[in-house]
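Presented below is the structure to which this report refers.
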Amino acid sequence: MDRQALLCRSIAEDPAVTQRELADQLFISLGSVNNLMKECTNAGYICQAADGRYEVTSVGLELLEAYRVDGAVFIAAGFGSRFVPLTFETPKGLLEVYGERMIERQIKQLHEVGIQDITIVVGYLKEKFEYLIDRYNVKLLYNPEYFCKNTLATLYHARKVFAGKNMYLLSSDNWMRRNMYHTYECGAWYSSVHMPGETSEWCLSYNKKGLITDVHVGGQDAWVMYGPAFFSKGFSAQFFPALERYYRQPGTEQFYWEQVYLDLLKGKKGAPAMYVNRQPDDQVYEFENLEELRLFDPRYQTRSDNEAMELIAQVFHVPESQIAHIRCLKAGMTNKSFLFQIDGRPYICRIPGPGTELLIDRKHEKASYDAVAPLKITERVLYFNGENGYKISEYYEGARTADSESPEDMARCMGLLRRLHHSGLKVDHSFDLMGQIDFYEGLCLSHGSIPFEDYPDVRKWMDGIWDYIQSLDRSHILCHIDPVVHNFLVLPNGGIRLIDWEYAGMADPLLDIAMCSIYSYYDFEQAMALLQTYLERQPTAEEGTLVTAFMALSGFLWSLWAIYKSSLGEEFGEYTITMYQYAKNGYRRLSDPASAK
């Protein structure tokens with residue numbers, strides 16, 4: 001790092017700066033500052049004015065020009081799972097701290113030192129950042145891999161923005177008390193704070209000049225990587241070719257970009273020079289979770305302006321500060337959920353995903369929950385809003401989902417379904433299988449097309465299967481419709497519960513057996529074995545035929561559902577093809593069992 005340029009920068013920013021202040025800023029002794037000032041004076045970079053203060057000469061300004069910061073790149077593509085439920089609605093960088101959004105605070109700080117060329121790499125809830133284009137003249141760069149890769153991929157997609165420029169690399173969710181950005185930066189650096197005691201952060205080793213010599217994950221009483229970084233032109237020219245190589249290597253999908261730098265430091269070729277930029281304890285903040293943000297900004301203890309948090313406070317008659325140990329649960333195919341505790345007891349809050357109001361009737365779901373409540377076969381529901389689908393239920397510590405490969409588990413699952421089917425309970429709505437197929441087919445066509453080459457033929461096959469089912473005129477009873485094994489909870493005390501009744505309604509009970517089979521990826525022989533477990537006897541030929549028919553129609557339905565979801569940007573891997581194969585193979589089995597796969 002060019003200390004002469006650093007001295008010139010400090011004097012240019014504050015002509016009244018003292019030598020002691022310069023020593024603190026440059027992390028050198030007073031004697032070294034004195035010698036450095038003599039060097040810069042002799043080189044013509046600075047001179048002493050009539051009032052005794054030093055000022056930067058035109059030669060010094062020319063020296064600084066090579067170090068002018070060209071712009072900044074913000075990383076803002078991630079989800080921020082440790083800040084749910086706030087980040088279900090708002091990207092982490094757009095959360096407010098003391099009434100000011102974190103990314104806006106940093107943008108203003110950049111503007112204060114003349115940095116206007118700002119790029120924000122977005123992904124999750126990218127539209128939420130759009131207003132910044134007009135307000136601050138920033139540019140948005142979309143990272144299409146934000147949902148499956150880490151910051152290494154983020155930098156890969158932004159690599160061209162760094163080419164030939166001096167650039168800050170910033171996190172949208174950092175908060176800096178004082179402006180630590182400058183018009184000029186005199187070498188690549190990484191912000192660092194001192195962590196007393198044990199830490200799992202990335203710890204730095206550096207020499208007397210502040211050059212980073214090693215990075216190791218975890219340590220004690222260490223200076224750690226924390227906050228912004230600065231990439232000089234020279235640093236980027238050496239670093240990004242290595243990052244591109246890493247990006248192309250399998251197994252690096254979840255790497256942070258810092259892993260590339262760490263490996264270069266430990267490698268034979270060495271790493272481009274990067275210096276430690278040590279910051280005071282109260283300067284840089286990286287909030288790890290909502291609890292930390294609550295401690296820093298008391299407003300979040302009582303009012304987060306989040307609908308789910310406000311709801312929980314109302315349901316339990318507590319202030320938001322008593323909602324503790326919040327963590328994200330894996331998002332389902334249609335919902336987002338998070339775990340929380342009140343007075344040490346765990347609960348789950350479910351938030352319907354965007355657009356689900358078009359696909360699921362929440363009034364019907366609530367009616368189904370209300371109907372089966374006397375059976376005590378569902379999770380304990382404390383709150384259910386039939387208008388918007390918000391649900392709060394008890395969380396069962398130590399529970400596990402059923403195992404489709406376990407005969408014992410499946411016997412218990414089928415026993416629960418028998419109990420439901422034999423209960424005689426009714427609701428006023430039905431699950432119309434063919435109506436749902438028509439509905440999703442329409443959605444697919446309205447959003448593009450259905451990509452299967454043989455779809456017209458397969459659709460005719462499904463119509464024929466449906467005509468056969470209708471000809472039997474079977475009675476309908478209350479069914480769950482979505483008995484995927486992950487919806488069966490096996491409790492530590494041996495009990496079992498069936499959750500998520502979104503599609504429940506009056507239907508043929510054998511539809512539940514078919515649905516459970518395809519959700520478990522069973523072949524048709526395994527499905528017949530499951531049917532026998534459910535019936536507790538040998539199935540009749542008609543019952544076997546009906547389960548096969550329902551497997552075909554159900555696979556067809558869910559393949560259309562997946563195609564529609566894909567048109568909205570959601571992908572489910574091989575699920576779409578697997579479901580479509582159930583439709584085709586089911587038809588073949590019904591048409592000619594001997595030739596069916």
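Position 1 is the first residue of the sequence, and the numbers go up from there.
For Y247 and F255, the ring centers are positioned 6.0 Å apart or more. A centroid separation of 6.0 Å or more is found between the aromatic rings of F340 and H325. If you look at Y226 and W202, their ring centroids are not closer than 6.0 Å. Checked against a 6.0 Å centroid threshold, the rings of F147 and F79 do not count as neighbours. Within the 6.0 Å centre-distance limit, the rings of W257 and F231 are counted as a close aromatic pair.
In the model, Q436 has no side-chain atom that pairs as donor or acceptor with a side-chain atom of D438 under 3.5 Å. Residues W558 and Y519 bring a donor and an acceptor atom of their side chains to less than 3.5 Å of each other.
The pair E310-R303 fails the salt-bridge criterion, with no side-chain N (NZ, NE, NH1 or NH2) lying under 4.0 Å from an Asp/Glu carboxylate O. Using a 4.0 Å cut-off between charged nitrogen and carboxylate oxygen, R350 and E502 count as a salt-bridge pair. Salt bridge absent: D281 and R177 never bring a charged side-chain N and a carboxylate O closer than 4.0 Å. A salt bridge does not link E387 to R362: none of the charged side-chain nitrogens sits closer than 4.0 Å to a carboxylate oxygen. Remark: K128 does not engage E89 in a salt bridge, criterion side-chain N to carboxylate O under 4.0 Å. Salt bridge status for R497 with E379: absent, with no side-chain N to carboxylate O gap under 4.0 Å. We find that D409 and R400 are joined by a salt bridge, their nearest charged nitrogen and carboxylate oxygen being less than 4.0 Å apart. A salt bridge is defined here as a Lys NZ or Arg NE, NH1 or NH2 lying under 4.0 Å from an Asp or Glu carboxylate O, and K391 with D500 meets this definition. Taking 4.0 Å as the cut-off between side-chain N and carboxylate O, E288 and R82 count as a salt-bridged pair.
Side-chain contact between F230 and V69 is present, with at least one heavy-atom pair separated by less than 4.5 Å. By the 4.5 Å heavy-atom criterion applied to side chains, C479 and F431 are not counted as neighbours. Between F83 and L95 the shortest side-chain heavy-atom distance falls below 4.5 Å. Within the 4.5 Å cutoff, no side-chain heavy atoms of Y168 are placed close to those of F74.
Taking the six-membered ring for Trp and thresholds of 30 and 60 degrees, F556 and Y455 have nearly parallel ring planes, at less than 30 degrees apart. Note on ring orientation: taking the six-membered ring where Trp is involved, the planes of Y124 and Y146 are tilted (angle from 30° to 60°). Ring orientation note: the planes of F338 and F88 are tilted relative to one another, at an angle of 30° to 60°. Aromatic ring pairs are classed by plane angle as parallel below 30°, tilted from 30° to 60° and perpendicular above 60°; the pair W223 and H194 is perpendicular. H429 and H364 have parallel rings, their planes meeting at less than 30° on a 0 to 90° scale where 60° marks the start of perpendicular. Y580 and F452 have parallel rings, their planes meeting at less than 30° on a 0 to 90° scale where 60° marks the start of perpendicular.
Of all heavy-atom pairs between P346 and L339, the closest is CB-CD1, 4.2 Å. Taking all atoms of both residues into account, the shortest heavy-atom contact from L125 to T90 is CD1-N, 3.9 Å. Scanning all heavy atoms of the two residues, the minimum distance from N289 to E292 falls at OD1-N, 2.9 Å. The two residues Y300 and E320 have their closest heavy-atom pair at O-OE1, 4.2 Å. The heavy-atom pair separating S520 from V485 by the smallest distance is OG-CG1, 3.6 Å. Minimum interatomic distance between I563 and P451 (heavy atoms only, all atoms of both residues): CD1-CD, 3.7 Å.
Between atom CD of residue E104 and atom CG of residue L132 there is a gap of 6.0 Å, rounded to the nearest 0.5 Å. Once rounded to the nearest 0.5 Å, the distance linking CG of L420 with OG of S368 reads 9.5 Å. Here the CZ-CD distance, from F287 to E291, works out to 13.5 Å after rounding to the nearest 0.5 Å. Atom OH of residue Y396 and atom CD1 of residue I499 lie 9.5 Å apart, to the nearest 0.5 angstrom. Atom CG of D305 is separated from atom CG of L86 by 9.0 Å, given to the nearest 0.5 angstrom.
In K108, the NZ atom is crowded: over 12 heavy atoms of neighbouring residues, nucleotides or ligands sit closer than 6.0 Å. For D282, the CG atom sits in a packed shell: over 12 heavy atoms of surrounding residues, nucleotides or ligands are nearer than 6.0 Å.
Every side chain to side chain contact (heavy atoms under 4.5 Å, CB included) that N179 has, sequence neighbours left out, goes to Q109, E112, V113, Y181. Under the rule for a side chain to side chain contact (heavy atoms under 4.5 Å, CB included), the partners of I577 that lie at least two apart in sequence or sit in another chain are Q581.
Taking the ring axis of Y131 as reference, the NZ or CZ atom of R135 does not stay both within 45° of it and closer than 6.0 Å to the ring centre.
Under the salt bridge (Lys or Arg N to Asp or Glu O under 4.0 Å) criterion, no residue pair touches residues 194-203, with sequence neighbours excluded.
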